[in-house]
Amino acid sequence: MPSILAVLLILGLGLSQRTTTQKQMLSKPAIWVRPSFMIPKGRPAVIGCRGAGEAVEYQLHFEGGLSALERPKSPPVMNLVKFPIPAMTSHTAGQYRCSYRSGELWSELSDPLELVVTGLYDTPTLSVEPRSEVTSGENVTFRCQLETATSTFFLLKGGRSSRPQLRYGNLRAEFHLGPVTPAHRGTYRCFGSYNNHAWSFPSKPVKLLVKDYWDSYEVTTATQLQKDHFLWNHTVQNLIRLGLAVLVLMALMGLLLEDWLHRRKSRERTHGASRRGCRRQL
């Protein structure tokens, strides 16, 4: 009996290790797209899928159904395959996933990849209130408007990497942000759409500048210092001018006093000489 239990235990451990190895080999693949998840109508794109282990075949799934099969080149290059999209349209925009096969086993599906086609409708307009330059802690509102009636609006910051915000509306939608922080700084664009994967042309970019409290404090302090420095310079200049005027006035007074003393001495000499002349005559 102990020997049978030992054999079963060894077999169980072997199966467990084999299953674990298979699961590690068939981990979820990675999926991405180049150049961006937003692709203008008619432009090409490439979807990449990377598996693990010795992947011999890849599947691309579009909107839940099988879209394409691809085998890695020989020899395999980093367990990677590419699925090209020659020209993006509303029929090729949507949700993609991929999977790969190693031996007889297929991996689980990758995380979903959402592809959007742009340039299908008119161009919306985007504005921000109360202004495009605010301080941390304030609230701002982006307003996106499209003359052609639509059902959905998207607001996107920074173009490619950030996640778009969604609002519903016929002709316009408002996106409220706040209290804002310096992390909200950036360039924003909006799109109109009839579904999540077919968007309008992008609006003109609107740049949001968020100043931190300390930035505002430093700017205010610097401005005040500049004003104080200006006032100080102005005061010093006035004092210098006043001092020069006093010096000039004192110099003039000195010259006048010297001239008066000189004339007084001259008169005294003249008067003294005339008195001596009168005495001699007597």
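Everything numeric in this text was worked out from a predicted model, so none of it was measured.
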Rounded distance (nearest 0.5 Å) linking atom [atom1] of [X] with atom [atom2] of [Y]:
| X | Y | atom1 | atom2 | result |
| --- | --- | --- | --- | --- |
| L115 | M38 | CG | CE | 11.5 Å |
| L249 | L244 | CG | CG | 12.5 Å |
| I31 | L109 | CD1 | CG | 9.5 Å |
| N238 | L242 | CG | CG | 8.5 Å |
| Q95 | N196 | CD | CG | 10.5 Å |
| L252 | L257 | CG | CG | 12.5 Å |

Which heavy atom in [X] sits nearest to a heavy atom in [Y], and how many Å separate them?
| X | Y | result |
| --- | --- | --- |
| P124 | S200 | CD-OG, 3.6 Å |
| V180 | T135 | CG2-O, 3.9 Å |
| V117 | S90 | CG1-CA, 3.9 Å |
| I39 | P44 | CG2-O, 4.1 Å |
| H184 | L177 | CD2-CD1, 4.3 Å |
| A198 | L120 | CB-CD1, 3.5 Å |

Is there a side-chain contact between [X] and [Y] (heavy atoms, below 4.5 Å)?
| X | Y | answer |
| --- | --- | --- |
| V134 | L209 | no |
| K41 | M88 | no |
| V128 | V140 | yes |
| L113 | I47 | yes |
| Q145 | L126 | no |

Please assess V56 against S102 for the test side-chain contact (heavy atoms from CB on, under 4.5 Å), listing each intermediate value before the final yes or no.
CA-CA 6 Å; V56 296; S102 178; 5.9 Å; no

Considering residues at least two apart in sequence or located in another chain, which fulfil the side-chain contact (heavy atoms from CB on, under 4.5 Å) criterion with E57?
L69, R71, R101, W106

Counterpart residues, side-chain contact (heavy atoms from CB on, under 4.5 Å), relative to T141 (two or more places apart):
R143, E174, H176

Please tell me whether V46 and W32 are part of a single hydrophobic cluster in this structure, the criterion being side-chain heavy atoms less than 4.5 Å apart.
no

May I ask whether Y168 and L156 are part of the same hydrophobic cluster, defined by side-chain heavy atoms of I, L, V, M, F, W, Y residues being less than 4.5 angstrom apart, directly or through others?
yes

Listed by chain and number, what are the side chain to side chain donor-acceptor pair (under 3.5 Å) partners of [X], not counting sequence neighbours?
| X | answer |
| --- | --- |
| T92 | none |
| K204 | none |
| H197 | E114 |
| T89 | none |

Contact list for residues 122-156, test ring-ring contact (aromatic ring centres under 6.0 Å, His included), sequence neighbours left out:
F142-Y188, F154-W199

Just jot down the salt bridge (Lys or Arg N to Asp or Glu O under 4.0 Å) partners of E138, sequence neighbours excluded, or say none.
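Result, salt bridge (Lys or Arg N to Asp or Glu O under 4.0 Å) vs E138: R131.
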
Would you find a donor on one side and an acceptor on the other, under 3.5 Å apart, between the side chain of T187 and the backbone of K207?
no

Has the side chain of Y58 got a donor or acceptor atom that lies under 3.5 Å from a matching backbone atom of G51?
yes

Run the salt bridge (charged side-chain N to carboxylate O under 4.0 Å, His left out) check on D111 and R97 step by step: do they pass?
CA-CA 6 Å; D111 292 330; R97 292 175 183 262; 5.5 Å; no

Residue pair R50, Y100: steps toward the side-chain contact (heavy atoms from CB on, under 4.5 Å) verdict
CA-CA 8 Å; R50 176 181 286 120; Y100 67 95; over 6 Å; no

Listed by chain and number, what are the ring pair (Phe, Tyr, Trp, His ring centres under 6.0 Å) partners of Y121, not counting sequence neighbours?
Y194

Can you list everything that forms a ring pair (Phe, Tyr, Trp, His ring centres under 6.0 Å) with F201? Sequence neighbours excluded, please.
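So F201 forms no ring pair (Phe, Tyr, Trp, His ring centres under 6.0 Å) with any residue.
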
Atom CD of E147 with >12 non-hydrogen neighbours under 6.0 angstrom
no

Could you note down all residue pairs passing side-chain hydrogen bond (donor to acceptor under 3.5 Å, both in side chains) where residues 60-70 supplies at least one of them, sequence neighbours left out?
Q59-H61, H61-S99

Ring pair (Phe, Tyr, Trp, His ring centres under 6.0 Å) partner of Y96, chosen from F83, F37, F62
F62

Could you list all the disulfide (SG to SG under 2.5 Å) pairs where at least one residue sits in residues 81-152, not counting sequence neighbours?
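Pairs touching residues 81-152 that pass the test: C49-C98, C144-C190.
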
